[in-house]
Amino acid sequence: MPTITHDVVIIGSGAAGLTAAINLAQDRKVVVLAKGALDGGSTNWAQGGIAAVLDAGDSFAAHVHDTMVAGAGLNDQDTVEFVVSEAPAAIERLAELGVPFNPNEEGDGDEFGERWHLTREGGHSHRRIVHVDDATGHAVQVALLKAARANPNITLMEDMVAVDLITSRHGERYSGDGHVWGVYAFNKQTGHVDAILGRATILCTGGAGRTYLFSTAPRGATGDGIAMAWRAGCRVSNMEMNQFHPTCLYNLEVKNFLITEAVRGEGGHLKLPPGVPGGGERFMPRFDARAELAPRDVVARAIDHEIKRLGLDYVHLDISHKPPEFVKQHFPTIYARLLDLDIDITKEPIPVVPAQHYTCGGVIIDLDGRTDLPGLYAAGEVTESGLHGANRLASNSLLECFVFGEAAAKHIRAHWDELPAPPPIRPWDESRVTNSDEEVIVQHNWKEIRRFMWDYVGIVRTTKRLERAQHRIDLLSKEVDEYYGNFRVTPDLIELRNLLEVARLVVRSALHRKESRGLHYTLDYPETLAQAVDTVLAP
């Protein structure tokens, strides 16, 4: 089994991972592992933008307040203040790397906040979203990858599927301190598992959207980092807080196409489709005074309510009342993509439904990106930093990646001498397993998990639904554990194992919370308790 040693191992090649790599590569040798293609993660899919206080009429206090309100008070205020205060500098560094943010055509460009066009999204009290048309994530991914490829201290490896973190128990001499030395990763090109070692390891693996049947997340968002960290001994927090984006395109042929929050931010209206009572009318004002600009959890529940109340497949998102050139200029990617599907958004509404979009809970970290285990850091959607609380405020997610990717890199560089070199590590043992002859079991269980998570652990929950999901998880766990112990690992089996682990953590956390708060809404406990308390699970 190949053993590859670098200074730092980074698992994930999105905004968080590449930001950390670029900062570390000033004086360290870094390897960045991607499960598939280097641009296959969630960053490349992000349509919206990045939130930062850049306008003269805005303030850090307002951004902090909006974040805390959206998070239903479950946020950690120190974390929110830290991230918000770091945001303008993060935007500046991205611009220096070549991210072509849309310019402010009305400003003179002299002031920092007047350089770029700022849009507004749900939950924000000011225009503070910098963007690159409606494909900001792609532009960021391109710029970061260009910088990483140009740096001789950064090694980029595609098609490396992380299996488990390498800890002190994997050493040839057992040590019980839980130190993390890297990762065992399945190499798709060779079909075998490699040991990738380093003094420090950073998890930047993204969220767990594919735990659900309908999700805007990419194919690889299977909660790998959360599951691996949990198995290694890290605590997780607020796993019940899964954000459902209100507006995913409803199309039987094209799945998981997100309609960005900015469509509502720029004046789009949610309406009931024709042919039902109230058809063609806006319905959000009945649910919240902020109407379409309410936070995502409010909007998603409102859409879910109307769909169930009227037996609909979808509702309409309509921005056709805006001038055609305005729509094309602000949303060129969405306009072109939907036009290919015979939907002209300058003339007609978009059929939309909610879909799982963001994992707000995750591995607990501090302001330096440190987890519970020595040598292990994390950044981005895999974490629960305290920024999002019970509901993520729009466009705070990419921001979190940049701030904590850099924070982890800074801490590693400052404390390098305290990080010991990896000890001799035992090789991955395939001597007692065989190739599977029943791959259909993996696919069947994968589909079953995603189906019951959508049905029982979705936007609206009950204790009985959660218990049904827990029962199915218990049954599947025995089957998957036996399968994993007898056959050689494959990418699908690795992901199935992680999906099941994450599903268990979500259901356990949801059953623990005896209230409705933010993204966790249960009919059995509809009230919100006076005190906001994190749901913390320890291995």
Side-chain angles (χ1 to χ4, degrees), residues 5-12 16-17 20-21 24 28 30-33 76 79 162-185 195-208 223-239 359 361-386 400 404-405 407-426 428 494 497-498 501-502 504-505 509 534-539:
T5 302
H6 294 262
D7 289 338
V8 181
V9 178
I10 298 175
I11 310 171
L24 282 164
R28 298 295 160 207
V30 183
V31 61
V32 178
L33 307 180
D76 179 82
T79 301
V163 182
D164 264 320
L165 294 171
I166 296 173
T167 68
S168 52
R169 69 186 179 89
H170 297 106
E172 291 184 358
R173 292 185 176 181
Y174 176 78
S175 169
D177 64 357
H179 198 107
V180 175
W181 305 106
V183 65
Y184 290 117
I196 315 294
L197 305 182
R199 288 195 184 191
T201 304
I202 310 178
L203 283 175
C204 304
T205 51
D224 305 325
I226 296 171
M228 289 192 301
W230 171 261
R231 289 194 294 266
C234 288
R235 292 171 302 155
V236 298
S237 180
N238 299 338
M239 287 298 297
T359 307
V363 181
I364 294 175
I365 60 169
D366 65 11
L367 294 182
D368 294 314
R370 291 183 295 176
T371 71
D372 292 333
L373 300 179
L376 181 64
Y377 297 73
E381 193 177 356
V382 67
T383 70
E384 201 286 292
S385 66
E400 182 184 35
F404 278 98
K410 282 183 176 179
H411 192 271
I412 291 170
R413 294 180 66 209
H415 297 268
W416 184 252
D417 293 339
E418 302 167 22
L419 294 167
I425 297 297
R426 295 196 309 271
W428 185 262
I494 293 166
R497 181 180 180 228
N498 292 332
E501 194 73 79
V502 170
R504 187 198 311 278
L505 295 172
S509 298
D534 290 325
T535 303
V536 178
L537 301 180

Are [X] and [Y] side-chain neighbours, meaning at least one heavy-atom pair lies under 4.5 Å?
X    : Y    : value
L197 : I425 : yes
V236 : V536 : no
R231 : P539 : no
V9   : L33  : yes
V163 : W428 : yes
D224 : I226 : no
R413 : L24  : yes
H170 : Y184 : yes

For [X] and [Y], which heavy atoms make the closest approach, and how far apart are they?
X    : Y    : answer
A379 : G405 : CB-N, 3.7 Å
A409 : A20  : CB-O, 3.7 Å
G375 : L419 : CA-CD2, 4.3 Å
W416 : V8   : CZ3-CG2, 3.9 Å
P420 : H179 : CD-CE1, 3.9 Å
M239 : S509 : CB-OG, 3.6 Å

With rounding to the nearest 0.5 angstrom, report the [atom1] to [atom2] distance, [X] to [Y].
X    : Y    : atom1 : atom2 : value
I10  : C204 : CD1   : SG    : 6.0 Å
S168 : L373 : OG    : CG    : 8.5 Å
N498 : W230 : CG    : CH2   : 14.0 Å
I365 : S237 : CD1   : OG    : 11.5 Å
E384 : T79  : CD    : OG1   : 8.0 Å
L537 : L505 : CG    : CG    : 6.0 Å

Checklist line | Results of side chain to side chain donor-acceptor pair (under 3.5 Å) for D7 - residues two or more places apart only | finding: none
Check: What residues form a side chain to side chain donor-acceptor pair (under 3.5 Å) with E400, not counting sequence neighbours?
Finding: Y358, S385, H388
[X] side chain vs [Y] backbone, donor-acceptor pair below 3.5 Å:
X    : Y    : result
E381 : T359 : yes
R426 : R169 : yes
T371 : L376 : yes
T205 : G225 : yes
D366 : D368 : yes
T383 : A378 : no
H415 : I412 : no
T535 : N238 : no

Margin query: Assess whether a salt bridge exists between R497 and D164, defined as any Lys/Arg side-chain N lying under 4.0 Å from an Asp/Glu carboxylate O.
Written below: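 Result for this pair is yes, salt bridge flagged.
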Note to self: Using side-chain contact (heavy atoms from CB on, under 4.5 Å), reason through L165 and L203 one step at a time and then give a plain yes or no.
What the structure shows: CA-CA 10 Å; L165 294 171; L203 283 175; 4.3 Å; yes
Check: Step by step, would you call V30 with H6 a side-chain contact (heavy atoms from CB on, under 4.5 Å)?
Finding: CA-CA 6 Å; V30 183; H6 294 262; over 6 Å; no
Check: In terms of ring plane angle, is the pair H411 and Y377 parallel, tilted or perpendicular, where the classes change at 30° and 60°?
Finding: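 Taking Y377 first and then H411, their aromatic rings sit tilted (interplane angle of 30° to 60°).
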